[in-house]
Q: 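Mind looking over this structure? Questions follow.
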Amino acid sequence: MFELFENELNSLDAILDQVKKDSLGFLENLADRPTYVADQRIRPAELSEGGMGALGSLEAFKTHFDKLMVASPGPRYWGFVTGGATPAAIAGDWLTAVYDQNTQTTQGEGDVSAIVEQETIRLLRQLLYLPDDFNGGFVTGATMSNFTGLAVARQWAGERSGRDISREGVNGDMVVMAATPHSSVLKSLSMLGLGSSNMLRIETLDGREAMDLADFEKKLADNRDRPIVVNCSAGTVNTVDFDDIQAIVALKKRYDFWLHIDAAFGGFAACHPSYRHLLNGWEQADSITIDCHKWMNVPYDSAVSFVRKAHSRLQVSTFQNSNAPYLGDPSENFSYLNFLPENSRRFRALPAWFSLTAYGRNGFEWIVQNSIARAHELGKYIETSGHFELLAPVRLNVVCFRLKNEVEKMPQFLKKVNCRGKIFMTPTSLLGTSAVRAAFVNYRTGKDDIQVAISEMEEVLQVL
């Protein structure tokens, strides 16, 4: 054995102890770590012949790269929709690397860690009040979850045109509709060969991001002779607006279409009894996207694609490894490599399993309620401020706002706020207007963090 490998196996406890010490130092000081890095310069290094060992690499990382690590898992990082990582999730993620399973099959010889993944999916369905009518599997994020659901939808549409799209390729028969799709949906259409510009846009309700049902039904009727795939929003990123799922499901009984629900973070509203009604009817969807590294607060690289079990044959025909007979018959031996895009898969389910079992339904209900409460606190300040105005009501956990006057200074305002390093928010555009979006999903965020944000914003106004 290479001498360095042998030495490090013999001193693995010391290596992991130091990693633990440094990890705790990062986590315990998250509130003080900046959300913005001013000095982004690095000194390129040459690959050494002999290597410096794990502890040497750890020291080099701290010296050269630790400064680049922003407080994205911290309480005041409100850009995009970025969750943190609970202690149980961190434990599960650490063990994911330790066990290093290629999670695929549930029986036979070798790795059968998919048994744990399926158990995790079962618990997640319980948390979200989804029936066991859905197969589920972990993918890297909402983009790949949307991709997976829409890939099976593409196969469904092809079958209605008498074609096996996974073998024959796409054509122009199908139509994809949406009102306010997330950018990852458009990206998925591009990757699927359907064309990101070929989305048929449904009109939205006045001042809303939710679809206008009258226009939706008209477009359904106009395209009745084509296979139709409908992307439904269960929580838009700008205003957490929900399409009327129950009404869409009712139309599904009259028109034949595939219903894909993008519930990347909005799906977790099902955890709380006060907001569960927003998802009424979603159990009738054909596919659903859930992003666990958002409101579930597990580390990145964790989302779930749910596809109705009735479509298993289509799902397998989309993703099966048809030219690898040594992988077995997909109809006899379940394997995720025949149901999801990747052939090699990290044991992504483990941090989610730790979280679900560690905190239970009450823990996630608290995270949802805490996030919504913090959003309403910031929203109340915006409403009463003479300097800012809300661009949409605070429906759940996102606050979308702008300067009340001198709107043209919005980019300058946001850059100055972010560069101070205390809070981080992202720019957006809502109804053609430049805006700022603050998304609350981190379990660490408290009342004091809202006050820090208010002080930061007001100080920036003084120098704008």
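By convention here, the first residue in the shown sequence is residue 1.
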Q: Please evaluate residues E217 and R254 with respect to the criterion salt bridge (Lys or Arg N to Asp or Glu O under 4.0 Å), reporting the C-alpha separation (whole Å), side-chain torsions for both, the decisive distance (0.1 Å), and the verdict.
A: CA-CA 10 Å; E217 184 166 10; R254 296 165 49 196; 2.6 Å; yes
Q: Ignoring hydrogens and angles, state whether a donor on the side chain of D241 or T236 is under 3.5 Å from an acceptor on the partner side chain.
A: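 There is no such pair between these side chains.
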Q: Should the pair R125-E283 be classified as a salt bridge under the 4.0 Å nitrogen-to-oxygen rule?
A: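 A salt bridge is absent here (no side-chain N lies under 4.0 Å from a carboxylate O).
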Q: Identify which one of R208, R395, R437 satisfies the side chain to side chain donor-acceptor pair (under 3.5 Å) criterion when paired with T239.
A: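 Option passing the side chain to side chain donor-acceptor pair (under 3.5 Å) with T239: R395.
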Q: Atom NZ of residue position K219 - does it have more than 12 heavy atoms of other residues, nucleotides or ligands inside 6.0 Å?
A: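 Atom NZ in K219 is packed in, count exceeds 12.
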Q: What verdict does the salt bridge (Lys or Arg N to Asp or Glu O under 4.0 Å) test give for D256 and R224, after you've listed the backbone C-alpha separation in whole Å, the side-chain angles of each residue and the deciding distance to 0.1 Å?
A: CA-CA 8 Å; D256 185 23; R224 192 188 287 269; over 6 Å; no
Q: Looking only at heavy atoms, which two atoms of V139 and R348 are closest? And how far apart?
A: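 Nearest heavy atoms, V139 then R348: O-CD, 3.5 Å.
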Q: Using every non-hydrogen atom in the two residues, find where K309 and F134 come nearest and quote the distance to one decimal.
A: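 Reported closest heavy-atom pair: CE-O, 3.6 Å.
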Q: Within 45 degrees of the ring normal and closer than 6.0 Å to the centroid, is that where the cationic atom of R345 sits relative to Y336?
A: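 Yes.
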Q: As a test of understanding, state which of N135, T318, D286 forms a side chain to side chain donor-acceptor pair (under 3.5 Å) with H311.
A: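 The residue from N135, T318, D286 that satisfies side chain to side chain donor-acceptor pair (under 3.5 Å) with H311 turns out to be D286.
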Q: When you look at NZ of K404, are more than 12 heavy atoms from neighbouring residues, nucleotides or ligands closer to it than 6.0 Å?
A: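 Yes - once you tally the heavy atoms of other residues, nucleotides and ligands closer than 6.0 Å, there are more than 12.
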Q: Could you tell me which non-hydrogen atom of A151 sits nearest to which non-hydrogen atom of F319, and how far apart they are?
A: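 Distance-wise, the nearest heavy atoms are CB-CZ, 3.7 Å.
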Q: Is it the case that H387 and S385 place a side-chain donor and acceptor less than 3.5 Å from each other?
A: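 No donor-acceptor contact under 3.5 Å links the two side chains.
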Q: Okay, side chain of D212, backbone of D215: is any donor-acceptor separation there less than 3.5 Å?
A: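 A pair under 3.5 Å: yes.
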Q: Hey, is the main chain of Y443 close enough, under 3.5 Å, to the side chain of N297 for a donor-acceptor pair?
A: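 Side chain of N297 to backbone of Y443: a pair is present.
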Q: Salt-bridged, K380 to E377, with N to O below 4.0 Å?
A: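 Answer for the salt bridge query: no.
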Q: What orientation do Y359 and F364 show, parallel under 30°, tilted 30 to 60°, or perpendicular over 60°?
A: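 Y359 and F364: perpendicular rings.
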Q: Look at the side chain of N238 and the backbone N and O of S429, then say whether any donor-acceptor pair between them is shorter than 3.5 Å.
A: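 Yes, because the side chain of N238 sits within donor-acceptor range (under 3.5 Å) of the backbone of S429.
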Q: Can you tell me if D244 uses its side chain to pair, donor with acceptor, with the backbone of A247 under 3.5 Å?
A: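 Flag set: sc D244 to bb A247 pair under 3.5 Å.
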Q: Under 30°, 30 to 60°, or over 60°: which ring-plane class applies to F257 and F216, parallel, tilted or perpendicular?
A: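 Ring orientation, 0 to 90° scale: perpendicular.
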Q: If you compare all heavy atoms of L350 against all heavy atoms of V116, which two are closest, and at what distance to 0.1 Å?
A: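 Answer, listing the atom of L350 first, then V116: CD1-CG1, 4.4 Å.
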Q: Just by modelled atom types, is the Q369 backbone N or O under 3.5 Å from a matching donor or acceptor in the H272 side chain?
A: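 Side chain of H272 to backbone of Q369: no pair is present.
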Q: Counting distance only, does the side-chain N/O of Q40 pair as donor-acceptor with the main-chain N or O of V37 below 3.5 Å?
A: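 It does hold such a pair.
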Q: Find out whether the Lys NZ or Arg CZ of R276 is both under 6.0 angstrom from the six-membered ring centre of Y129 and within 45° of the ring's axis.
A: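 Satisfied, under 6.0 Å and within 45°.
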Q: Check V70 against P73 and note the closest heavy-atom contact, atom names and distance.
A: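 Closest pair (atom of V70, atom of P73, distance): O-CD, 4.0 Å.
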Q: Aromatic rings F401 and F388: how do their planes relate, parallel, tilted or perpendicular, breaks at 30° and 60°?
A: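 Judged by the thresholds at 30° and 60°, the geometry between F401 and F388 is perpendicular.
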Q: Is a side-chain N or O of T445 found less than 3.5 angstrom from the main chain of P75, in a donor-acceptor match?
A: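 Such a contact is found between T445 side chain and P75 backbone.
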Q: Got a sec: does the NZ of K62 have more than 12 other heavy atoms crowding it under 6.0 Å?
A: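 Yes - once you tally the heavy atoms of other residues, nucleotides and ligands closer than 6.0 Å, there are more than 12.
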Q: Quick one: do the E458 and Y381 side chains pair a donor with an acceptor below 3.5 Å?
A: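 Yes, because at least one side-chain N or O of E458 sits under 3.5 Å from a partner of the opposite role on Y381.
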Q: Should we count NZ of K187 as having more than 12 external heavy atoms under 6.0 Å?
A: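 Result for NZ/K187: open.
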Q: Among T86, T96, D93, whose side-chain contact (heavy atoms from CB on, under 4.5 Å) with P299 holds?
A: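 That would be D93; it is the only one of T86, T96, D93 passing the side-chain contact (heavy atoms from CB on, under 4.5 Å) with P299.
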Q: Compare every heavy atom of L378 with every heavy atom of F440, then report the nearest pair and how far apart it is.
A: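 Closest pair (atom of F440, atom of L378, distance): CZ-CD2, 3.8 Å.
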Q: Do you see a donor-acceptor pair shorter than 3.5 Å between the side chains of S190 and S196?
A: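 No, S196 and S190 have no side-chain donor paired with an acceptor closer than 3.5 Å.
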Q: Between H293 and D291, does any side-chain donor sit less than 3.5 Å from a side-chain acceptor?
A: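 Short answer, yes.
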Q: Mark yes or no for whether T35, through its side chain, and G421, through its backbone, hold a donor-acceptor pair below 3.5 Å.
A: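 Yes: the side chain of T35 pairs with the backbone of G421.
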Q: Assess the side chains of W258 and S287: does a donor N or O sit below 3.5 Å from an acceptor N or O?
A: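 Indeed, the side chains of W258 and S287 share at least one donor-acceptor pair under 3.5 Å.
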Q: Sub-3.5 Å donor-acceptor pair from the side chain of D449 to the main-chain atoms of G446, do we have one?
A: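 Present.
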Q: State which residues pass salt bridge (charged side-chain N to carboxylate O under 4.0 Å, His left out) with D448; sequence neighbours excluded, sorted by chain then number.
A: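 If we apply the salt bridge (charged side-chain N to carboxylate O under 4.0 Å, His left out) test to D448, skipping adjacent residues, there are no hits.
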Q: Salt bridge between E456 and R76, side-chain N to carboxylate O under 4.0 Å?
A: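 Between R76 and E456 there is no salt bridge, as every charged N stays at least 4.0 Å from the carboxylate O atoms.
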Q: Using the six-membered ring wherever Trp is involved, compare the ring planes of Y77 and F424 and label them parallel, tilted or perpendicular (cut-offs 30° and 60°).
A: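 Parallel: the ring planes of Y77 and F424 meet at under 30°.
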Q: Between R420 and M457 (side chain of the first, backbone of the second, donor and acceptor by atom type, cut-off under 3.5 Å), is there such a pair?
A: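 Checked: no pair found.
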Q: Assess whether a salt bridge exists between D132 and R122, defined as any Lys/Arg side-chain N lying under 4.0 Å from an Asp/Glu carboxylate O.
A: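 Here D132 does not pair with R122 in a salt bridge, since their nearest N and O are not under 4.0 Å apart.
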